[in-house]
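After the structure tokens below, expect a handful of questions from me.
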Amino acid sequence: MIDQRLLRNNPALIEEGLKSRGMKIDLGPLQKYCKELKELEEKRNLLQAQGNSIGKEVGQKIKQGFSQKSEEISNLRIKGNQIKKQVGLIEEEEKSITKKLNEQILCLPNLPEEDSLQGESEKDNKEIRRWGNPISGDHLKEHWEIANQLKLWDSERSSLIAKSRFVTLFNQAAKLERSLINFMLDLHVKKGYLEVLPPALVNTASLTGSGQLPKFAEESFKCADDDLWLTPTAEVPLTSLHRGEIIPSELLPLKYVAYSPCFRREAGSYGRDTRGLIRLHQFNKVELYFFSNPDKSKEALEQITLDAESVLQELELPYRVIQLCSGDLGFSAKKTYDLEVWLPGANAYREISSCSNCGDFQARRSQIRTKDNNKKNILLHTLNGSGLAIGRTMAAILENGQQSDGSINLPKALIPYFGSSKLKPE
RNA sequence: GGAGAGGUGGCUGAGUGGUUGAAAGCGGCUCCCUGCUAAGGAGUUACAGGAGGUAACUUCUGUCGAGGGUUCGAAUCCCUCCCUCUCCGCCA
């Protein structure tokens with residue numbers, strides 16, 4: 001969420017930030033709401049102070065022996081009632097303005113980092129570095145072709161069970177999925193992350209806190225009879241892990257790693273990536289998360305990105321690191337690096353991880369704070385990164401490890417988890 | 001899902017309408033005493049937000065699970081919800 005103080009005092013700065021995301025927005029009305037709210041609050045505090053002193057006065061008078069029915073006391077009562085009415089009116093007004101304000105302010109995205117990479121879209125993103133030696137050739141198959149030959153999964157049966165864009169893994173693929181989850185969790189725990197297994201269902205407050213609601217309701221699956229949604233990413237429960245807390249600065253950064261299934265409706269992507277493991281309604285993901293001191297979050301983003309990269313390196317998968325330009329940033333992000341893995345069958349790099357510094361955006365929505373050097377409460381910064389998306393990792397392993405005999409060579413790091421160095425035709 | 005009990009400051013726990021933001025104890029902090037430690041003594045100590053001040057601080061508001069209500073005044077009375085514990089039912 002955008003800082004209301006900034007909105008009151010320096011809306012031009014916000015407009016500039018939003019413009020670099022390609023948004024043109026008149027903040028005038030919002031600014032007006034904020035100012036009105038501030039004035040109403042001051043007015044209400046004043047009245048409440050008066051009301052409080054009347055209450056005290058009545059108490060004192062009664063102690064002195066005045067009767068409940070004496071004129072002095074009934075006069076005070078009348079005065080108190082008047083004040084109460086006025087306060088009630090102000091509160092109603094505050095509520096209605098707050099509602100209007102929230103409808104809009106909760107839909108404003110985060111502002112890009114001050115010295116951010118400017119650009120309109122994907123085409124303006126910048127490659128930061130590459131790793132590994134990508135293989136290529138016309139004979140190389142896409143991962144769903146490999147899957148068919150090795151009988152790794154079955155999409156028709158998945159439609160029978162659920163619908164399209166779900167997958168049911170069999171045999172070697174099921175085990176490989178499980179191996180990848182364990183491998184990634186172990187790797188990150190070794191680097192100092194605390195392992196968490198959060199609920200897969202989250203409430204509306206959690207989704208609002210991390211930025212998915214209210215704007216992207218159509219992207220998540222909602223339970224009909226409860227205030228619960230299927231989590232679209234472990235970023236949501238991890239943010240809410242500390243919602244409303246003030247975390248002592250000496251405990252920061254808090255580093256978490258969580259495995260979770262992720263559920264996305266993928267509304268509006270009907271034609272895209274219909275085959276294979278790239279775009280599904282349900283997929284598994286291992287997520288990295290930082291609660292950071294505000295002045296350390298820039299370094300933290302580099303760290304979380306390196307930690308995500310280390311998974312690809314251990315798995316011997318070539319990749320590149322892309323910095324997203326301002327126009328391509330996600331809703332909650334200030335700065336983002338995407339990791340793109342090489343898929344030789346598709347002859348392309350595909351996103352497999354997204355590492356973002358959200359600054360105080362989610363922290364403000366979720367009221368997660370820490371103390372600064374003067375022991376003042378300040379919002380902390382949150383960061384998240386996939387480490388990694390499991391399905392896409394499996395696709396990359398299949399495509400990169402394919403051999404002419406139809407088998408798949410697995411990365412050495414997986415052998416202890418999978419129990420074999422190859423996927424073999426049945 | 002049903003029945004009962006409960007949710008108070010960092011912790012334990014008292015408080016059922018009136019200067020109660022809240023007794024007491026523990027813990028924390030400061031000072032004193034003491035060769036060191038232990039013990040002892042004196043004092044101090046909730047949190048959040050706003051306004052003012054460079055600051056120490058001053059001041060206002062709110063907060064006793066959450067949200068409403070009654071009242072001049074609510075931790076205390078009423079309603080709704082959430083959570084915890086015990087028992088029963090169901091279930092992996």
Side-chain angles (χ1 to χ4, degrees), chain A residues 1-10 31 33-99 101-102 105 178 197-209 223-229 237 240-252 254 260-261 291 294 360 363-380:
Chain A
M1 191 162 66
I2 299 289
D3 186 4
Q4 287 194 33
R5 193 175 300 220
L6 190 63
L7 187 54
R8 284 200 308 271
N9 300 330
N10 199 349
Q31 196 192 9
Y33 291 147
C34 284
K35 284 191 170 160
E36 281 171 2
L37 274 181
K38 197 81 206 124
E39 285 165 22
L40 287 170
E41 190 194 342
E42 277 169 29
K43 224 158 125 187
R44 176 169 49 81
N45 281 346
L46 226 66
L47 283 169
Q48 279 169 333
Q50 284 174 37
N52 286 344
S53 77
I54 287 173
K56 273 183 190 161
E57 215 178 324
V58 174
Q60 279 169 3
K61 288 237 150 84
I62 286 171
K63 228 171 208 178
Q64 287 163 19
F66 283 84
S67 132
Q68 293 271 3
K69 287 180 179 156
S70 67
E71 200 177 323
E72 282 85 349
I73 289 190
S74 49
N75 279 341
L76 286 171
R77 278 205 185 127
I78 291 166
K79 228 163 142 190
N81 263 323
Q82 284 170 345
I83 288 172
K84 200 158 55 165
K85 256 183 213 149
Q86 291 179 59
V87 169
L89 286 174
I90 291 177
E91 279 175 344
E92 260 175 57
E93 208 176 334
E94 281 178 308
K95 257 186 207 163
S96 96
I97 295 177
T98 302
K99 197 176 159 225
L101 177 68
N102 278 342
I105 202 170
R178 180 156 56 92
L197 190 63
L201 271 63
V202 295
N203 58 32
T204 298
S206 297
L207 279 165
T208 307
C223 298
D225 296 328
D226 300 279
D227 176 32
L228 289 170
W229 309 63
S240 275
L241 207 54
H242 292 293
R243 181 145 48 87
E245 274 185 52
I246 297 169
I247 301 172
S249 62
E250 62 270 23
L251 296 182
L252 298 177
L254 291 176
S260 84
F291 293 90
D360 63 10
R364 180 172 295 105
R365 288 171 162 250
S366 301
Q367 281 302 299
I368 311 171
R369 291 172 287 180
T370 185
K371 301 211 179 261
D372 69 9
N373 291 336
N374 302 318
K375 298 195 172 169
K376 281 222 160 205
N377 294 326
I378 51 165
L379 295 165
L380 49 70

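Order of the sequence lines fixes the chain letters, A, B, ..., with proteins taken first and strands second; residue numbering starts at 1 for each chain. These numbers were taken from a predicted model, which means no experiment stands behind them. All values below come from the heavy atoms of this structure, side chains included, with hydrogens, waters and symmetry mates left out.
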Does NZ belonging to A/K61 count more than 12 external heavy atoms closer than 6.0 Å? yes
Select base, sugar-phosphate, or nothing to describe what A/E91 touches, counting heavy atoms under 4.0 Å on all strands. nothing
Could you tell me how far B/U61 sits from B/A42 if I compare only their P atoms? Round to whole Å. 35 Å
Spacing of the P atoms in B/G21 and B/G65 (rounded, Å): 16 Å
Identify the nucleotide, in any strand shown, that forms a Watson-Crick or G-U wobble pair with B/C36, with both distances under 3.5 Å; if there is none, say none. none
For A/S366 and A/R243 the tightest heavy-atom approach is O-CG, 3.3 Å
Whole-angstrom distance between B/C82 and B/A22, as gauged at atom P: 33 Å
So for atom CD, which belongs to A/E71, do other residues, nucleotides or ligands contribute more than 12 heavy atoms lying within a distance under 6.0 Å? no
Report the residue (A/R5 or A/K95) whose heavy-atom-nearest nucleotide on RNA chain B is the more 5′ of the two. A/R5
What are the two closest heavy atoms between A/T370 and A/P294, and how far apart are they? CG2-CD, 4.4 Å
Base, sugar-phosphate alone, or nothing: which one does A/Q60 contact when heavy atoms must sit under 4.0 Å apart? base
Would one find more than 12 heavy atoms of other residues, nucleotides or ligands at under 6.0 Å from atom NZ of A/K371? yes
Let me see the working for A/K38 and A/E41 under salt bridge (Lys or Arg N to Asp or Glu O under 4.0 Å), right down to the final yes or no. CA-CA 5 Å; A/K38 197 81 206 124; A/E41 190 194 342; 3.5 Å; yes
Go through RNA chain B in 5' to 3' direction and return only the first and the last nucleotide with some atom under 4.0 Å of chain A's heavy atoms. B/G18 to B/G73
By nearest nucleotide on RNA chain B, pick out whichever of A/Q48 and A/I62 is the more 5' one. A/I62
Expressed in whole Å, how much space separates the C1' atoms belonging to B/C64 and B/U59? 24 Å
Whole-Å C1' distance, B/U76 and B/C57: 34 Å
Could you check which residues of residues 242-250 of chain A get a heavy atom under 4.0 Å from RNA chain B? Sort them by number, please. A/I246
Sugar-phosphate only, base, or nothing, as touched by A/K371 at under 4.0 Å among non-hydrogen atoms: sugar-phosphate
With both distances under 3.5 angstrom, what nucleotide forms a Watson-Crick or G-U wobble pair with B/G52? B/C57
When rounded to the nearest 0.5 angstrom, what is the spacing between CG in A/L37 and OG1 in A/T98? 4.5 Å
Would you please test A/E94 and A/I90 for side chain to side chain contact (heavy atoms under 4.5 Å, CB included) and show each step? CA-CA 6 Å; A/E94 281 178 308; A/I90 291 177; 4.0 Å; yes
Between A/D372 and A/K376, does any side-chain N to carboxylate O distance fall below 4.0 Å? no
Flag for A/Q4-A/R364: side-chain donor and acceptor within less than 3.5 Å: no
Quick one: closest heavy-atom pair of A/G51 and A/I83, and the distance? N-CD1, 4.0 Å
Could you measure between the two P atoms, the one in B/G18 and the one in B/G89, and give it in whole Å? 45 Å
Which whole number of Å gives the distance between the P atom of B/C26 and that of B/G41? 10 Å
If pairing requires Watson-Crick or G-U wobble contacts with both distances under 3.5 Å, which nucleotide is the partner of B/A75? none
Scan every strand shown for a Watson-Crick or G-U wobble partner of B/C85, both distances under 3.5 Å, and answer none if you come up empty. B/G4
Once you apply the 3.5 Å cut-off to both distances, tell me the Watson-Crick or G-U wobble partner of B/U30, or none. B/A42
Watson-Crick/G-U partner (both atom distances under 3.5 Å) of B/U20: none
Would you indicate what A/K38 reaches in the nucleic acid, counting non-hydrogen atoms under 4.0 angstrom: base, sugar-phosphate, or nothing? sugar-phosphate
Looking only at atom P, what distance separates B/G17 and B/A74, rounded to whole Å? 14 Å
Would you mind pulling out the nucleotide paired to B/G62, Watson-Crick or G-U wobble, both distances under 3.5 Å? B/C47
Watson-Crick or G-U wobble partner of B/C90, both distances under 3.5 Å: none
